[in-house]
Amino acid sequence: MQLSEQEQIRREKLEKIKALGIDPYPAPLYPVNASATEIKNNYQEEILEDGTKNRLNYQEVCIAGRLMATRPAGKATFAEIQDSTGRIQIYVRRDDICPTEDKTLYDTLFSKLLDLGDFVGIKGYAFKTKVGEISVHATGFTLLSKSLRPLPVVKKDEEGNIFDAFTDPEMRYRQRYVDLVVNEQVRDTFIKRTKMMNSIREFLNSKNALEVDTPVLQSIPGGAAARPFITHHNALDIPLYLRIANELYLKRLIVGGFDWVYEFSRNFRNEGMDRTHNPEFTVLEFYVAYKDYFWMMETTEQLLEKVALDTNGNTYVQVGENMINFKAPYKRISIYDAIKTYTGFDVSEMEEDGLRDVCKQLKIEVDNSMGKGKLIDAIFGERCEHNYIQPTFIIDYPVEMSPLTKKHRSKNGLVERFELMINGKEIANAYSELNDPIDQRERFEDQLKLQERGDDEAMFIDQDFLRALEYGMPPTSGIGFGIDRLAMLLTNQASIQEVLFFPQMRPEK
RNA sequence: GAUUCCGUAGCUCAGCUGGUAGAGCAAUACACUUUUAAUGUAUGGGUCCUGGGUUCGAGUCCCAGCGGGAUCACCA
């Protein structure tokens with residue numbers, strides 16, 4: 001392994017530290033009793049009548065973190081310690097930490113053998129410097145872990161301008177640990193993502209929904225139309241697939257008698273990657289017995305309004321150029337009306353031939369494997385979808401594109417389905433679930449016909465799922481939310497890689 | 001998968017019509033006991049992504065490969 005000059009120097013320092021009898025990776029816990037942000041937010045002092053200051057709290061603090069900046073000034077040094085809450089300045093004076101004749105601790109260990117990035121513990125007291133910065137005056141320090149690689153040095157001035165930011169996307173994603181250390185806004189994005197997940201759980205748990213786990217390894221990759229990852233189980237000598245969806249398993253649980261189940265499902269799809277697609281991604285699905293898709297629209301509005309508030313403190317979220325308002329209620333527009341609005345064509349009575357003709361006139365590329373459902377989907381996707389910036393429910397899809405959805409109670413040829421569009425993208429997809437086992441079997445058979453026509457994404461038939469439906473499933477409404485995309489919206493990120501800690505990358509050579 | 005742009009010091013980046021590599025931060029040494037993008041002086045640090053080719057000579061031009069970004073296709 002070829003070490004850079006700076007790495008060699010750090011290893012030499014490591015040896016010198018050991019030679020001083022100091023363990024650079026000590027085992028004992030460090031008794032941390034305060035954090036950087038906590039001290040900065042709560043420190044108090046008073047000015048007495050004679051003008052002297054009286055410090056009121058944090059007079060015996062013990063903080064720990066990475067050393068991220070030093071400003072030496074002879075026999076004293078200002079430095080910055082970064083912990084999980086942020087940064088705080090520390091003031092280290094030689095004669096305070098070395099009260100005897102022996103000045104090794106300051107002159108050698110602190111001044112020469114510590115590097116930016118090292119973990120240190122600081123004991124001392126909080127005070128305010130003469131320019132007013134709340135800091136910790138060190139009375140002692142402990143090396144907690146030596147860093148052998150230099151971190152990128154990112155500097156910030158008084159106005160918050162950032163210099164030499166660590167921005168290379170490849171390095172940021174491959175070495176996310178570095179990205180998180182030096183880029184505060186990256187850490188904030190992921191904290192928001194977790195807040196969002198917590199808020200969703202809170203909402204669902206408050207309704208007595210049951211969080212469940214269902215199989216990731218499936219012998220039939222059902223519940224969606226997508227290419228699966230395939231693997232092999234040695235003991236059983238059978239192929240297994242990583243799930244593309246968990247829908248059919250959650251419905252089995254509704255058959256089993258639960259009336260509200262949910263799962264944050266990591267799904268896997270063996271398809272292209274781009275700034276809105278990662279091979280593994282997270283979907284929240286929930287299924288509720290005795291409800292329909294109208295109820296689900298109201299529930300979705302309530303959920304998203306709460307989640308936006310909990311995550312950002314506001315129902316308004318700036319996403320790129322757009323200001324999006326998650327405040328309920330959201331508009332509802334049928335897919336046929338949407339197509340009529342943006343293309344002028346009324347496709348509601350059209351069959352396949354008519355739809356192909358419309359696609360031709362609109363210059364939308366189609367191929368022979370596409371049935372009525374896919375053609376309508378193509379028109380909507382090309383001409384309508386991107387126009388719905390504010391949250392909008394697109395409702396009542398044609399039956400051909402929705403093999404798991406109940407037929408519409410009054411509109412022939414349609415199903416009770418909605419997709420929620422936000423910022424021109426689909427965020428959620430929901431149905432009144434199909435619970436008629438005979439109808440479901442026919443829909444699967446139609447999918448088989450599509451497969452024979454060359455549609456390689458048509459759904460597989462799951463016989464056990466049909467068996468479950470035959471035992472009886474109550475009327476149920478279900479929904480799936482693209483959690484990564486929701487996180488992108490709520491954190492104003494244009495790339496899915498920015499909301500996944502470790503996005504998929506080609507392996508390094 | 002297609003198109004296009006990019007890959008130079010630990011990090012952020014310069015490097016013109018080809019002439020043997022440069023800055024800031026970081027590092028090293030010295031100075032400095034209230035600094036905050038600390039400062040001053042000095043010093044060291046490079047497989048210019050990899051492999052070919054053209055050329056007297058390639059970081060620079062050409063070809064191939066590897067990796068990444070953007071756009072498109074498939075999809076959520």
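Protein chains get the first letters and strands the later ones, always in sequence-line order, with residue 1 at the start of each.
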Aromatic stack F163(A)/A37(B): centroid gap under 5.5 Å, interplanar angle under 30°: yes
Would you say K13(A) places a side-chain N or O within less than 4.0 Å of OP1 or OP2 belonging to U28(B)? yes
Which nucleotide, if any, forms a Watson-Crick or G-U wobble pair with A14(B), using both distances under 3.5 Å? none
Heavy-atom nearest nucleotide on RNA chain B taken for M171(A) and for K156(A); more 5' hit belongs to M171(A)
Just by distance, do the side chain of D83(A) and the backbone of A36(A) share a donor-acceptor pair under 3.5 Å? yes
Given G69(B), is OP1 or OP2 found less than 4.0 Å from the side-chain N or O atoms of R275(A)? no
Identified pairing partner of A64(B), criterion: Watson-Crick or G-U wobble below 3.5 Å: U50(B)
Can you measure N183(A) atom CG to U12(B) atom P for me and round it to whole angstrom units? 10 Å
Send over the distance from F166(A) CZ to C25(B) C1', rounded to a whole Å. 15 Å
Taking only side-chain nitrogens and oxygens of R506(A), does any of them come within less than 4.0 Å of OP1 or OP2 of G67(B)? yes
If I pick the C1' atom on U8(B) and the same atom on U60(B), what distance separates them, to the nearest angstrom? 11 Å
Are OP1 or OP2 of A38(B) and a side-chain N or O of R71(A) less than 4.0 angstrom apart? yes
Distance between the P atoms of G7(B) and C13(B), in whole angstroms? 10 Å
Under 6.0 Å from the NZ atom of K425(A), do we count more than 12 heavy atoms belonging to anything else shown? no
Can you say whether a donor on the side chain of E5(A) sits under 3.5 Å from an acceptor on the base of A27(B), or the other way round? no
I need the CE-C1' distance between M68(A) and C25(B), as an integer number of Å. 13 Å
Rounded to the nearest angstrom, tell me the gap between atom CD1 in I496(A) and atom P in A76(B). 13 Å
Nucleotide forming a Watson-Crick or wobble pair with G1(B), both distances under 3.5 Å: C72(B)
Near-parallel close stack of F78(A) and A38(B) base (under 5.5 Å, under 30°): no
Counting the atoms with a prime plus P, OP1 and OP2 as sugar-phosphate, which does D168(A) contact under 4.0 Å by heavy atoms, base, sugar-phosphate, or nothing? sugar-phosphate
Both distances under 3.5 Å, Watson-Crick or G-U wobble: report the partner of C30(B), or none. G40(B)
What distance, rounded to whole Å, do you find between the two C1' atoms, one in C48(B) and one in G18(B)? 15 Å
Exceeds 12 heavy-atom contacts within 6.0 angstrom, atom CD of E46(A): yes
Sugar-phosphate, base or nothing in reach of A79(A), heavy atoms under 4.0 Å: nothing
Should the ring pair Y262(A) and F264(A) be called parallel, tilted or perpendicular, given that the plane angle runs from 0 to 90° and is split at 30 and 60? perpendicular
Any donor and acceptor pair, going by atom type alone, linking the side chain of K103(A) with main-chain N or O of R94(A) inside 3.5 Å? no
Q8(A) vs G45(B): side-chain N/O to OP1/OP2 distance below 4.0 Å: no
G44(B) and A64(B), which share atom name P, separated by this distance in whole Å: 42 Å
Can you say whether a donor on the side chain of Q89(A) sits under 3.5 Å from an acceptor on the base of U35(B), or the other way round? yes
Check the distance between A76(B)'s P and F268(A)'s CZ and give it to me in whole angstrom. 17 Å
D274(A) (side chain) and C74(B) (base): donor-acceptor pair under 3.5 Å: yes
Check this one for me: any side-chain N or O of K128(A) less than 4.0 Å away from OP1 or OP2 of U35(B)? no
With both distances under 3.5 Å as the test, what is the Watson-Crick or G-U wobble partner of U35(B)? none
In terms of relative ring orientation, are Y91(A) and F127(A) parallel, tilted or perpendicular, with 30° and 60° separating the classes? tilted
What's the CG-P distance between N270(A) and A76(B), to the nearest Å? 14 Å
Less than 3.5 Å between a donor and an acceptor, one on the side chain of T129(A) and one on the base of U35(B), is that the case here? yes
Okay, side chain of N57(A), backbone of N42(A): is any donor-acceptor separation there less than 3.5 Å? yes
So which nucleotide from U33(B), G10(B), A27(B) ends up closest to the side chain of L116(A)? A27(B)
Inter-nucleotide P distance (G24(B), U17(B)), Å rounded: 25 Å
Euclidean distance for C1', C63(B) against U28(B) (whole angstrom): 43 Å
C1' atoms of A23(B) and A9(B), separation to the nearest Å: 11 Å
For A37(B), does either OP1 or OP2 sit under 4.0 Å from a side-chain N or O belonging to K155(A)? no
Whole angstrom value for the distance that separates C1' of U34(B) from CZ of F127(A): 7 Å
Over how many whole Å does the gap from E7(A) atom CD to G44(B) atom P extend? 21 Å
My understanding is that a pair needs two contacts under 3.5 Å, Watson-Crick or G-U wobble. By that rule, which nucleotide pairs with U55(B)? none
Side chain to side chain donor-acceptor pair (under 3.5 Å) test vs E80(A) passes for just one of R71(A), Q89(A), R66(A), namely R71(A)
Heavy-atom nearest nucleotide on RNA chain B for K130(A) versus P150(A): which residue maps closer to 5'? P150(A)
Do R417(A) and T405(A) have side-chain N/O donor and acceptor atoms under 3.5 Å apart? no
Looking for any heavy atom pair under 4.0 Å, which part of the strands does G482(A) touch: base, sugar-phosphate only, or nothing? nothing
Base partner of G45(B), which must satisfy Watson-Crick or wobble distances under 3.5 Å: none
Could you give the distance separating C16(B) and U34(B) at their P atoms, to the nearest angstrom? 47 Å
I'd like to know if Q6(A) reaches the base of G10(B) with its side chain such that a donor and an acceptor end up less than 3.5 angstrom apart. yes
Would you mind classifying the nucleic acid contact of N278(A) as base, sugar-phosphate or nothing, using non-hydrogen atoms under 4.0 angstrom? base
